Each structure stands twice: as C-alpha cells, then as structure tokens.
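Below is one structure, written out as structure tokens; the observations come after it.
Note that ligands are numbered from 1 as they come in the structure, with each ligand's atoms numbered from 1 the same way. Owing to the predicted nature of the structure, the values given are computational and were not obtained by experimental measurement. The figures that follow rest on heavy atoms only: side chains count, while hydrogens, waters and symmetry mates do not.
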Amino acid sequence: MAIHYMTAGDSHGPGLLGILEGIPSGLALSEEMLLPQLMRRQQGYGSGGRMKIEKDRARIMAGVYDGLTTGAPIGLLIENLDFANWQEHQPPLYTVPRPGHADLAGAVKYGLSHTRPISERASARETAMRVAVGTVARLLLEAGGINIYSRVVQIGGVRAAGRPAEELLNEEEMKEIHERCEESEVRCADAASEAQMLAAIDRARESGDSLGGSVELFAYKIPIGLGTHVSRDRKLDTRLAAALMSIPAVKAVEIGIGADVGMRPGSEVHDQVDPQQAARGGRLTNRAGGIEGGMTNGMPVWLRAHFKPVATLQKTLNSVDLQSGEARRARYQRSDVCIVPRGSSVLEAELAIVLADALLDMFGQDRLDQTLERLAAHRARSIVEHTGHA
Ligand code: EPS
C-alpha cells in the first residue's frame, strides 16, 4: 500500500511526532495549511479544560522544500503546551484503572503498578497528530477534486433528524449540510436536534457522566476502482474499517447502510445500475456507501462510525487498586464529557488517509502531476472504453 504513517508521543509529554511516508512530490504544503483542521479538532460542546490550554500547530520538520512536498517522508511535530504546567508538580501516579480505558489491561500486560505510562499513550491527545497527517492526505485528495464532509447524527439518546445519508448523492447538498454543521457546537445540521444534543450533554455533565454518539462521513467525486477485490488486506472496506476502528473510543463502523443490510431484502439493498445516470455515477441509490467488492463504484463513499462515551467520568466507577488488590473507585481529574463533535475531524482525517492511499496505489505516487493526469484520464473514459480492451 502506498502510504503509511506513525506517531509517537504522550499526552503530557513535550509533544507529538508524526512521520508520513509515500506522499508524491509537488503537493503544496505549509504549516498554515494544516491549521484549520487542527483548530476544528479542538472545538465542540462537551470538550474538557485541556482544550483551553492547547493551541495545536504542527511544525513541518522534513519532506517539504520551497513549499512543495519532495516525495521524502514528511516529519511533523506538535508541542503539548500543557507540558510546561507539569514541570513543578508531576501528575500523581494513579493506581486505580478506569473501566473502559486501556489502564487495567495495559498495567497487567506491561507489569506496571500504576497506570501513567498506559494512560499517557492511550490518550486521545495522539489524535492531534492524526489530524495533521490526515490533512496532508486531504490536501492531496482536494488536488484531485475529492472533498470530505461529516455530520454528527447521534449523541447519547438523541438521534438527529435529516435526510438519510443514502439519499445524499449531490455534493452541493452535502456542502450545505456540512456548512451548517460547522456552525453548530455539536456539528449537527438540524437545529431542533442540536438543541436536544446540547441539553443531553449538559445533563450528562451535571450528573458527572459522559456520552458517546455517531458520525456520518462522506467523500465525493471518487473514481471507480479504488481498493481491490483480490486480497483481504487490500480491500477498501478492510482498510476503512481498520483505520476508523483504530481511533480511540470508536467501537463500530458501518459502510453504507451497514447493519441495516440484514433487515432488508436484496432488492432493497443493492443499488441498480442505470447507464442513463452516468453523470450521477450510474445509480439512483447509494445504500452500498459507494463500495462494492472491496472497491469504490463511482458513487459517493459514505460511512458511519460510533464512539463510546469517554472512560474518565466524574461519577467514578468501581475498580481495583493495582497495588493492594482492594476494591476502589476509579480516579477523576478532568475530562471531556463528550468528544463526538471534535471526534468527527479525526474520522475525516483517517478517511482521507485511506482514500489517498488507495488513490496513490491506483494512479502512482512519484509525482503529483502524473498522478493527477492519470486520474483525469481514468475519469474521462466511459465504462465501455475502460472495459473494451480485453
Ligand atoms: C484524554 C484526557 C484529556 C483530554 C485528552 C484526552 O486530557 P487531560 O487528561 O490532559 O485533561 O483533553 O485529549 C487531548 C489532550 C486532546 O488534545 O484531544 C484522555 O485520557 O484520552
């Protein structure tokens, strides 16, 4: 597969490191271009006090010359501003793991009598670097005319009203929905649902609880054939599910109508082909989420991801002291009540990485101008022009 990336860094350490390999030469890239997405990740109703401390900015350490990528690995660095606050008073060493977090299994696995090294690395702080890396992938996709959008569709028990994702075939309509989401503190396009979501987060905060929820992701102008049916690890579904499930707190991913496929007959699941609708990708419906047989089919790609509530609750849960083995309540210091609104920018970043990866697999990854030429030529061919060679 064409690109891969790795991060290093702890939540309260000096900073986060990222290395992204495989981006072609010739993509315009600057620190300013990474900022808007990093800022989006820091916003959202239900965020904790830490987001008032951090002002995420990624420094470009390698892989860019004269404002253009060189084809070499791109090195990024985000400083943790909170690091300075812990220099005199180190945070306490917690010995009681939080249910729902990596604390307990990590302490047992790595032989630790306290959870700090585990909670530092399992922290969602790492997602700041994912967004920086994902923004590079996103800029590459945008150079090919491919844009990514998202909307929050559920927070706790509140499900948003609005057009079902399978009907959102038109990018202009999606743009409007996305813009309304950008104005909303919970990234929900429907005003009545938004008010209910805000109230649900307030109630959770007042009762010392936390809330999860669901986000829908969309990508338009996707060429036919990204991914492949030939091998399990190269199928696009495999790569999307793995990438989104790797985000902390994501517990389920659906592609297209997802779990609903088991409830509808085949005639109401599969998207019939209509050659007259070539301009709309050849289909009138998009229940498959733009992916069939591990490949994109030319329709918009859409997915749904589900976040669990954050594991750090003011209303602490029953646990065990790692040093005494006695029953104890989990610790609480500060936390987000709901990360779903800002989690959408992390989902978008991982979606961008997978789509950029598959795009470069198919159209080459040496230099961007060649990649885009091949993409344009592919798009210009009709189905018969593509298939008529053999
Ligand atoms: C996190 C706990 C909180 C979050 C953090 C993830 O940090 P702290 O313990 O410093 O209050 O704010 O997320 C971020 C720092 C971030 O940048 O998103 C956790 O335990 O996962």
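Here V310 has no heavy atoms under 4.0 Å from ligand 1, in either its backbone or its side chain. Counting heavy atoms under 4.0 Å from ligand 1, residue H12 touches it through the side chain alone. Under 4.0 angstrom from ligand 1, there are no non-hydrogen atoms of A128.
Nearest protein neighbour of atom 4 (C) of ligand 1, counting heavy atoms only, is D336 OD1, 3.3 Å. Given atom 15 (C) of ligand 1, the protein heavy atom at minimum distance is R125 CD, 3.3 Å. Atom 5 (C) of ligand 1 has its closest protein heavy atom at S123 OG, 4.0 Å.
Here the options are T316, T312, L317, the test is side-chain contact (heavy atoms from CB on, under 4.5 Å), and the partner is R98; only T312 passes. When the options R342, R50, K52 are evaluated for a salt bridge (charged side-chain N to carboxylate O under 4.0 Å, His left out) with D336, the one that passes is R342.
No more than 12 heavy-atom neighbours from other residues, nucleotides or ligands sit within 6.0 angstrom of CZ on R159.
Residues S214 and H306 have side chains that bring a donor and an acceptor to within less than 3.5 angstrom of each other. Side-chain atoms of E292 and H270 form no donor-acceptor pair, as typed in the model, at a separation below 3.5 Å.
Atoms of ligand 1 lying under 4.0 Å from at least one heavy atom of H101, given by number and element, are 20 (O). For ligand 1, the atoms lying closer than 4.0 Å to a non-hydrogen atom of M51 are 14 (C), 15 (C), 16 (C), 17 (O), 18 (O). Every atom of ligand 1 is numbered from 1 in the order shown, and the set under 4.0 Å from a heavy atom of R342 is 13 (O), 16 (C), 18 (O). Ligand 1 places these atoms under 4.0 Å from at least one heavy atom of R41: 16 (C), 17 (O), 18 (O).
Within the 3.5 Å criterion, the main-chain N or O of I60 finds a donor-acceptor partner in the side chain of E31. The closest donor-acceptor contact from the side chain of D274 to the backbone of G282 lies at 3.5 Å or more, if one exists at all.
Less than 4.0 angstrom separates atom 2 (C) of ligand 1 from none of the non-hydrogen atoms of the protein.
Backbone and side-chain nitrogen or oxygen atoms of R50 are examined, and one is located within less than 3.5 angstrom of a nitrogen or oxygen of ligand 1. The N/O atoms of A124, backbone and side chain alike, include one that comes under 3.5 Å of an N/O atom in ligand 1. Some N or O of R334 is nearer than 3.5 Å to an N or O of ligand 1, by distance alone. Residue contacts with ligand 1: D56 is placed with no nitrogen or oxygen under 3.5 Å of a nitrogen or oxygen of the ligand (distance criterion only).
Salt bridge status for D237 with K235: absent, with no side-chain N to carboxylate O gap under 4.0 Å. Taking a cutoff of 4.0 Å between a charged side-chain nitrogen and a carboxylate oxygen, R187 and E194 do not qualify as a salt bridge.
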If you apply the rule ring-ring contact (aromatic ring centres under 6.0 Å, His included), what do you find for F83 with H12, and how did you get there? CA-CA 5 Å; F83 179 62; H12 303 97; 9.7 Å; no

